[in-house]
Amino acid sequence: LLLAVAGANAGASDLSAGITMGRKSDFKSTCSTEHVFADDLTMGATIKNNAIDTIYAKFHESFGDIIINMRPKDSKVTGSIDMKSGDARCVASFDKDELSFLTKVALTSDKMKFGPLSAVMKPTYDAINQLLDLDVCTNIEGADVTMSMSQRKNTASTMTAIYKFNNGVKVTASAAANADMSLKCEGDYNGHKLDGTMAMQGLKTPGLKLGWAKGHGVKGKASTAVKADMSQIEGSLTAKLGNFGDWTTTLTTPYSDVKDTKFALSTKFDV
């Protein structure tokens with residue numbers, strides 16, 4: 001049994017408490033507070049179970065914002081620096097215990113012209129995971145296009161292309177240097193929810209998954225869905241009957257033997 005009591009905001013402070021009852025009873029409380037000391041300085045703290053968990057400070061400078069977090073329990077100090085200039089942005093995260101100090105740097109450029117196209121460059125370096133990522137974002141005839149290239153230490157480099165049609169459908173194609181490839185299509189098109197994935201490695205037989213769903217009636221009171229992969233196909237029908245609960249029938253048929261078809265009926269009530 002879990003009882004939770006949440007206190008209303010009192011200025012810039014929040015209080016929450018909970019009791020867990022069972023073989024071992026447990027009481028937990030959390031209190032957080034934040035105050036503005038000056039136009040360019042905001043400080044706050046979080047207290048958990050009568051002990052200070054985190055103290056933080058936010059500095060608002062002309063070039064951007066600086067956030068510093070300190071955890072007294074283990075003297076952990078982390079933070080971030082967020083700098084902006086026009087549409088360009090640089091966000092750097094740091095940790096005093098890390099050898100490199102800077103743990104992640106993400107840049108976003110101003111729009112750059114490449115002939116008739118304009119693009120935004122987004123390079124990111126993650127020192128913890130030793131990951132270098134470069135995104136190039138543009139728009140082609142109303143569709144958002146993102147080209148990405150990722151390189152992680154001791155792993156194959158990957159290139160990904162994402163094409164978002166203005167009708168709500170998104171296509172993602174990915175290829176790696178070790179011959180892993182995938183193609184995914186998802187989105188909502190005229191009330192039809194689509195989801196398909198094809199993955200393959202080299203010349204091996206690709207894996208294929210397809211999904212389709214559609215709501216019927218007012219506010220989707222009923223819906224049908226079909227899912228299929230390389231081994232079976234599954235169809236389901238769901239009806240929301242208000243006080244009589246939500247009912248779902250499912251029919252699953254393996255390609256290997258139709259006699260192994262399974263039928264399921266389930267319901268859910270709100271009590």
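Here the structure is a predicted model, which is why all the values come from computation and not from measurement.
- Distance check, rounded to the nearest 0.5 Å: CE of M112 to OG of S118 gives 10.0 Å.
- Evaluation of the ring-ring contact (aromatic ring centres under 6.0 Å, His included) test over residues 136-186, restricted to residues two or more places apart or in two chains, returns Y163-F165.
- Taking CZ of F94 as the reference point, atom CD1 of I67 lies at 9.5 Å (rounded to 0.5 Å).
- Taking all atoms of both residues into account, the shortest heavy-atom contact from M43 to A57 is CG-CB, 4.1 Å.
- The pair E34-K58 meets the salt-bridge criterion, since a charged nitrogen lies less than 4.0 angstrom from a carboxylate oxygen.
- Residues T78 and Y56 have side chains not in contact (no heavy-atom distance under 4.5 Å, counting atoms from C-beta outward).
- Proximity of I162 to V171: side-chain heavy atoms (C-beta onward) are nowhere separated by under 4.5 Å.
- Here the CD atom belonging to E186 is positioned 7.5 Å from the OG1 atom belonging to T197, to the nearest 0.5 angstrom.
- For the residue pair N69 and G79, the shortest heavy atom distance occurs at ND2-CA, 4.2 Å.
- Between K184 and D195, at least one side-chain N (NZ, or NE/NH1/NH2) sits under 4.0 Å from a carboxylate O, which counts as a salt bridge.
- Side-chain polar atoms of T224 and H216 form a donor-acceptor pair below 3.5 angstrom.
- K193 is not listed as a side-chain neighbour of K214, based on a closest heavy-atom distance of 4.5 Å or more.
- Using a 4.5 Å heavy-atom threshold, the side chains of L134 and L132 count as separate.
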Self-check item: Evaluation steps, side-chain contact (heavy atoms from CB on, under 4.5 Å), between S174 and T158
Solution: CA-CA 7 Å; S174 178; T158 303; 3.5 Å; yes
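- In this structure, K96 places its NZ atom where more than 12 heavy-atom neighbours from other residues, nucleotides or ligands lie under 6.0 Å away.
- Under the side-chain hydrogen bond (donor to acceptor under 3.5 Å, both in side chains) criterion, D40 pairs with no residue at all, not counting sequence neighbours.
- Legend: side-chain hydrogen bond (donor to acceptor under 3.5 Å, both in side chains) pairs involving residues 146-155, not counting sequence neighbours, sorted by first then second residue: D133-S150, D135-S148.
- Within the model, atoms OG1 of T33 and CD1 of I47 stand 8.0 Å from one another, a figure rounded to the nearest 0.5 Å.
- Counting heavy atoms of neighbouring residues, nucleotides and ligands inside a 6.0 Å radius, atom OH of Y189 does not exceed 12 of them.
- Sorted by first and then second residue, the pairs that involve residues 69-84 and meet salt bridge (charged side-chain N to carboxylate O under 4.0 Å, His left out), not counting sequence neighbours, are R71-D74, K76-D95, K76-D97, D82-R89.
- The SG atom of C31 sits 12.0 Å away from the CG atom of N49 when rounded to the nearest 0.5 Å.
- Within 6.0 Å of atom CG in D257, more than 12 heavy atoms from other residues, nucleotides or ligands are found, so the atom counts as buried in its surroundings.
- Using a 4.5 Å heavy-atom threshold, the side chains of T248 and L265 count as separate.
- Pairs engaging residues 100-116 under the side-chain hydrogen bond (donor to acceptor under 3.5 Å, both in side chains) rule: none recorded [sequence neighbours left out].
- Looking at S236 and T250, their side chains never bring a donor and an acceptor atom within 3.5 Å of each other.
- Note: the hydrophobic cluster containing M70 also contains F101 (ILVMFWY, side chain heavy atoms under 4.5 Å, direct or indirect links).
- Using a 4.5 Å cut-off between side-chain heavy atoms of Ile, Leu, Val, Met, Phe, Trp and Tyr, with links allowed through other members, V77 and F59 fall into the same hydrophobic cluster.
- At distances below 3.5 Å, not a single donor-acceptor pair connects side-chain atoms of Y125 with backbone N or O atoms of V105.
- The environment of I52 atom CD1 is sparse: at most 12 non-hydrogen atoms of other residues, nucleotides or ligands sit within 6.0 angstrom.
- Hydrophobic clustering (side-chain heavy atoms under 4.5 Å, transitive across Ile, Leu, Val, Met, Phe, Trp, Tyr) keeps L208 apart from M181.
- Listed here is the closest heavy atom pair of G207 and M230: CA-CG, 4.1 Å.
- Cluster membership for W212 and Y255, using ILVMFWY side-chain heavy atoms within less than 4.5 angstrom, is shared.
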Quiz item: Between M83 and I81, is a side-chain contact (heavy atoms from CB on, under 4.5 Å) present by the stated rule, with each step listed?
Solution: CA-CA 6 Å; M83 297 176 287; I81 303 173; 3.9 Å; yes
Practice problem: Output, in order, the C-alpha distance, side-chain angles, deciding distance and verdict of side-chain contact (heavy atoms from CB on, under 4.5 Å) for H60 and T42. | Solution: CA-CA 8 Å; H60 309 285; T42 302; 3.6 Å; yes
Quiz item: Are L251 and T261 close enough, and set up right, to give a side-chain contact (heavy atoms from CB on, under 4.5 Å), and what steps lead you there?
Solution: CA-CA 7 Å; L251 191 67; T261 297; 3.6 Å; yes
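- Counting heavy atoms from C-beta on, the side chains of T249 and F263 come closer than 4.5 Å.
- Nearest approach of D144 to N139, heavy atoms of both residues: OD1-ND2, 2.9 Å.
- Residues V136 and I140 do not share a hydrophobic cluster, defined by chaining ILVMFWY side chains whose heavy atoms lie under 4.5 Å apart.
- Side-chain N or O atoms of D229 include one that pairs as donor or acceptor with a backbone N or O of S231 at under 3.5 Å.
- Looking at T267, its side chain never comes within 3.5 Å of a backbone N or O of G245 through a donor-acceptor pair.
- By the 4.5 Å heavy-atom criterion applied to side chains, W247 and T238 are not counted as neighbours.
- In terms of the ring pair (Phe, Tyr, Trp, His ring centres under 6.0 Å) criterion, F63 has no residue partners (sequence neighbours excluded).
- Going from atom NZ of K170 over to atom NZ of K164 covers 5.5 Å, rounded to the nearest 0.5 Å.
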